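These notes concern the structure reproduced below.
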Amino acid sequence: MSVVSLLGVKVVNNPAKITDKYEFEITFECLEQLEKDLEWKLTYVGSAQSDQYDQELDSLLVGPVPIGVNKFIFEADAPDTSRIPDADIIGVTVVLLTCAYDGREFVRVGYYVNNEYDSPELIAEPPAKPIIERVKRNVLAEKPRVTRFAIKWDSEASAPAEFPPEQPEADLVADEEEYGAEEAAEEAEVEAEAEAEGSEKVVAAPGEDIEMGDGDQEAVSPAEDDEDAASEDGSVDLEGESEDELEEEVVDGEGEGEAEEHGDPAMDVDAEMSGHAASAKPVSTAS
């Protein structure tokens, strides 16, 4: 169970110009007294092709954190558009809001961000060189993607398990109950019957054909043909699911910022994070 739970994030200034600050109202709950501060970060994904264009917009240390429900405003500067490739300024990208405790990330919220011009004429015929002052952004705040990581907090008891639990009862299963025991017994019985009847297998010499009698031909039922056809023609592509829906994923193990490639610009970005940190005290709303 996580000591800190993210209850909600509200994007305050949205939509806005691409050069305006980001502003988030964050609400979270703390169940135990923490020894260290919480570190919040906001990262802008500059390009889906490479993480070298990622920018850490700001970081904030929140603490000491009182037990109960807390709320605060997180402001971050807009990205430096001069560090973004011109081809990636207009279009859809991602911002990542993350929180870590003692260097261990335990929650990540990703938002799609749509950057476009503020007039239909520029949208229809965009200039070769982007006009930054005419670009507006729209954070799709209603469809965040949330990932939670199980981490160690202040006590060893809160650390996630590194290995699966032992199952000593698995070694006590009798041999006759093991998987495949019944099948092996049936095969042995069939072989014994074949030897008792003195049946012989006809083996064809190289280059010769064997004439098969009526009893030697195996019948294939129409049902089996239908099943084979269904397996080939009725396959389902499970990877074609829409990524526009709200997705919440719980990940076992410590959240060290392990992410996927930039091919999916939604949440699959491990940003190279470097920047400045400021200290702030959360406003407790606990009664």
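The first residue of the sequence shown is numbered 1, and numbering continues consecutively from there. All values derive from a computational prediction rather than experimental measurement.
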[X] side chain vs [Y] backbone, donor-acceptor pair below 3.5 Å:
X      : Y      : answer
Arg104 : Lys152 : yes
Asp86  : Lys129 : no
Thr93  : Gly46  : no

Are the side chains of [Y] and [X] in contact, using a 4.5 Å heavy-atom criterion?
X      : Y      : result
Lys17  : Lys136 : no
Ile67  : Leu31  : no
Pro144 : Val9   : no
Thr43  : Leu57  : no
Ile18  : Ile89  : yes
Asp102 : Glu35  : no

So, using side chain to side chain donor-acceptor pair (under 3.5 Å) as the criterion, who are the partners of [X] when residues are at least two apart?
X     : value
Asn13 : none
Asp80 : Ser82
Asp20 : none

Calculate, to the nearest 0.5 Å, the distance between atoms [atom1] and [atom2] belonging to [X] and [Y] respectively.
X      : Y      : atom1 : atom2 : answer
Ser2   : Glu29  : OG    : CD    : 10.0 Å
Ser5   : Phe106 : OG    : CZ    : 8.5 Å
Thr81  : Ile132 : OG1   : CD1   : 4.0 Å
Glu39  : Cys99  : CD    : SG    : 8.5 Å
Thr147 : Glu105 : OG1   : CD    : 8.5 Å

Aromatic ring proximity, centroids under 6.0 angstrom, Phe72 and Trp40: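 When the ring centroids of Trp40 and Phe72 are compared, they turn out to be within the sub-6.0 Å range.
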
Partner set under side-chain contact (heavy atoms from CB on, under 4.5 Å) for [X], not counting sequence neighbours:
X      : answer
Leu140 : Tyr112, Asn138, Glu142
Pro126 : Tyr117
Tyr53  : Ser47, Ser50, Pro85
Glu25  : Lys10, Val12, Lys71, Ile73

Worked check of side chain to side chain contact (heavy atoms under 4.5 Å, CB included) between Ile26 and Leu97: CA-CA 10 Å; Ile26 301 173; Leu97 176 65; 3.9 Å; yes

For [X] and [Y], which heavy atoms make the closest approach, and how far apart are they?
X      : Y      : value
Val113 : Arg137 : CG1-CB, 4.0 Å
Pro64  : Asp37  : N-OD1, 4.0 Å
Tyr22  : Pro79  : CE1-CD, 3.9 Å
Pro66  : Cys30  : O-CB, 3.6 Å
Phe24  : Val11  : CE2-CG2, 3.7 Å
Val109 : Leu6   : CG2-CD2, 3.5 Å

Working for side chain to side chain contact (heavy atoms under 4.5 Å, CB included), residues Glu116 and Val135: CA-CA 5 Å; Glu116 62 180 0; Val135 178; over 6 Å; no

Among Val65, Val107, Asn70, Leu34, side-chain contact (heavy atoms from CB on, under 4.5 Å) partner for Val4: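 Among Val65, Val107, Asn70, Leu34, the one that satisfies the side-chain contact (heavy atoms from CB on, under 4.5 Å) with Val4 is Leu34.
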
Residues, nucleotides or ligands: over 12 heavy atoms within 6.0 Å of Glu125 CD: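 No.
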
Cation-pi, Tyr44 ring and Arg83 (6.0 angstrom, 45 degrees):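 Judged by the rule (NZ or CZ under 6.0 Å from the ring centre, within 45° of its axis), Arg83 is not positioned above Tyr44.
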
Listed once per pair and sorted, the salt bridge (charged side-chain N to carboxylate O under 4.0 Å, His left out) pairs that draw on residues 91-101, sequence neighbours left out: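 Sorted pair list comes back empty.
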
Stepwise side chain to side chain contact (heavy atoms under 4.5 Å, CB included) check, Leu42 with Val95: CA-CA 7 Å; Leu42 185 66; Val95 291; 4.3 Å; yes

Any residue meeting salt bridge (Lys or Arg N to Asp or Glu O under 4.0 Å) with Arg134, in chain and number order, not counting sequence neighbours: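 Partners of Arg134 under the salt bridge (Lys or Arg N to Asp or Glu O under 4.0 Å) test: Asp118.
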
For Tyr101, ring pair (Phe, Tyr, Trp, His ring centres under 6.0 Å) partners two or more places apart: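 Listed in chain order: Trp153.
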
Working for salt bridge (Lys or Arg N to Asp or Glu O under 4.0 Å), residues Lys41 and Asp58: CA-CA 6 Å; Lys41 290 182 181 181; Asp58 208 342; over 6 Å; no

Criterion side chain to side chain contact (heavy atoms under 4.5 Å, CB included) on Glu133 and Thr19, from CA distance to verdict: CA-CA 8 Å; Glu133 59 272 14; Thr19 54; over 6 Å; no

